[in-house]
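Data block below; observations after.
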Amino acid sequence: MHHTLCDYLAEAVQNGFEAGATLVAVEWVEDAEWIRVTVGDNGRGMDEAARKRALDPFCSDGAKHPGRRVGLGLPLLAQTAQAAGGTFELKSEPGTGTTIELTFRAAHVDTPPAGDVAGAVAQWMNLAGAGRTLLFHRRTPRGGYRTDSAELGEAAGGLETAAGFLLARGYLAAQEAALRGDD
Amino acid sequence: MAKLTLDDLRKLRDTKKREMNQRETDGKTVTVIIGMGTCGIAAGAKETFDAFADEIAKNRLGQVLIKQTGCMGLCYSEPTVEVLMPDMPGIIYGKVDAEVARRIVRQHIIGRTLIDDHIFDKPHADLVPSLTASKKAG
């Protein structure tokens, strides 16, 4: 269903906000060998039974889709990381929040392409909207940047207006271009 | 390439702000809600989102808000988009690719005319079992 890492991460970010989180933090660290991504939230969290159900593709709580008997989000994400020589770890406690830790071998043929990082992060920040925060931290061997939706939203004039969204996306695209060393 | 700073962004914002709001939507807020669930993204909702942002900005519609939601339960007609504006019925459009998104801005939001061949309306209660159940229970 998904083609890029950003598509998978979009789902993890949505899950965090849907779990009542006011803060979702995405950290994306790359080196020559590994891509490591962590998505953490301060949402309602899961107990051990719920964590097991979340990783069972033939299980869904039916909250979003009454009558549906499959829940593929996290199982497919875990499978994708493991197929790419990486790892998947889910940590969650009720009342504390949930953290997903992913690693992918950078050069593995099954590691999904990153996708449009700037466009994706701008859309996640739009999803956060007012009153919730999306933190994003990216680090590569060429450098890194850290930003959050509250700060970027203020500077851009609001992430829910077209002009503000486009400005924020442009800002993020400039950070990505600097990481690539584009002229 | 030198990084763009947040102060640079604030200056750009002030320039853009003067350019926007030149076309009024009767002084009232319009909300475009794009379904960005797994099914929506798989069907191209990211491109739909970008097309709305681009076309709204091009038409200087400063009072249109773009928001997101998860799956609306109409996976077969993704990408789906709900448009809410004063003096118009709330409409859910289906199969909204980038071109249809631009039509929605020009025809629905500016022209106040529905795009008949993409209307899915609100999901009727008999299409959503939970709504049917809650109605019976109520």
Side-chain angles (χ1 to χ4, degrees), chain A residues 1-4 6-8 10-11 13-15 17-18 62-68 72-73 76 115-116 119-120 122-124 126-129 143 145 147 151-152 154-183, chain B residues 1-17 19-21 29 31-34 36-43 45-47 49-73 75 105 128-134:
Chain A
M1 282 185 291
H2 292 322
H3 302 295
T4 68
C6 284
D7 291 343
Y8 286 101
E11 196 158 315
V13 169
Q14 281 178 15
N15 287 348
F17 285 128
E18 285 170 1
K64 282 202 291 189
H65 301 281
R68 185 174 289 182
L72 301 178
L76 277 180
D116 172 12
Q123 290 185 353
W124 304 342
N126 166 276
L127 174 67
Y145 63 95
T147 184
E151 183 182 51
L152 192 50
E154 175 275 319
L159 298 171
E160 291 183 340
T161 65
F165 171 79
L166 292 174
L167 281 174
R169 193 180 67 184
Y171 171 84
L172 291 161
Q175 312 310 308
E176 287 294 316
L179 287 188
R180 290 192 303 270
D182 294 354
D183 291 330
Chain B
M1 177 177 177
K3 272 191 189 178
L4 186 70
T5 67
L6 287 174
D7 279 337
D8 296 334
L9 195 63
R10 289 186 184 97
K11 285 174 197 156
L12 274 172
R13 172 196 69 191
D14 293 340
T15 307
K16 290 278 175 194
K17 208 170 182 178
E19 294 172 3
M20 296 292 285
N21 293 318
T29 299
T31 307
V32 174
I33 305 166
I34 302 166
M36 301 281 283
T38 308
C39 46
I41 289 174
K46 287 189 301 182
E47 290 75 18
F49 188 109
D50 287 342
F52 269 111
D54 183 57
E55 193 67 23
I56 289 165
K58 266 187 196 163
N59 285 280
R60 300 177 178 181
L61 297 168
Q63 286 153 304
V64 180
L65 299 181
I66 308 172
K67 297 188 176 185
Q68 299 176 48
T69 186
C71 173
M72 298 188 203
C75 305
V105 174
V128 185
S130 64
L131 291 182
T132 311
S134 63

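Residue numbers begin at 1 in each chain, while the letters A, B, ... track the order of the sequences.
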Testing the 3.5 Å rule here: is there a donor-acceptor pair between the side chains of A:N15 and A:E11? no
Please confirm whether the backbone N or O of A:A163 pairs with a side-chain atom of B:R13, one donor and one acceptor, at under 3.5 Å? no
What part of A:R180 gets within 4.5 angstrom of chain B, counting heavy atoms only: side chain, backbone, both, or neither? neither
Partner chain B: residue of A:G129, A:G157, A:A122, A:A156 with the largest heavy-atom pair count (under 4.5 Å): A:A156
Do you know the tightest heavy-atom contact between A:Y8 and A:L76? CE2-O, 4.3 Å
Heavy-atom distances under 4.5 Å only: say whether A:L127 touches chain B with side chain, backbone, both or neither. both
What part of B:T31 gets within 4.5 angstrom of chain A, counting heavy atoms only: side chain, backbone, both, or neither? neither
Just by distance, do the side chain of A:N126 and the backbone of B:I66 share a donor-acceptor pair under 3.5 Å? yes
Which atoms of A:F17 are under 4.5 Å from chain B, going by heavy atoms: the side chain, the backbone, both sets, or neither? neither
Under 4.5 Å to a heavy atom of chain B? For A:A10 that would be side chain
Once you round to the nearest 0.5 Å, how far does CD1 of B:I34 lie from CD of A:Q123? 8.0 Å
At a heavy-atom separation under 4.5 Å, does A:F165 approach chain B through its side chain, its backbone, both, or neither? side chain
Is a side-chain N or O of B:D50 found less than 3.5 angstrom from the main chain of B:E47, in a donor-acceptor match? no
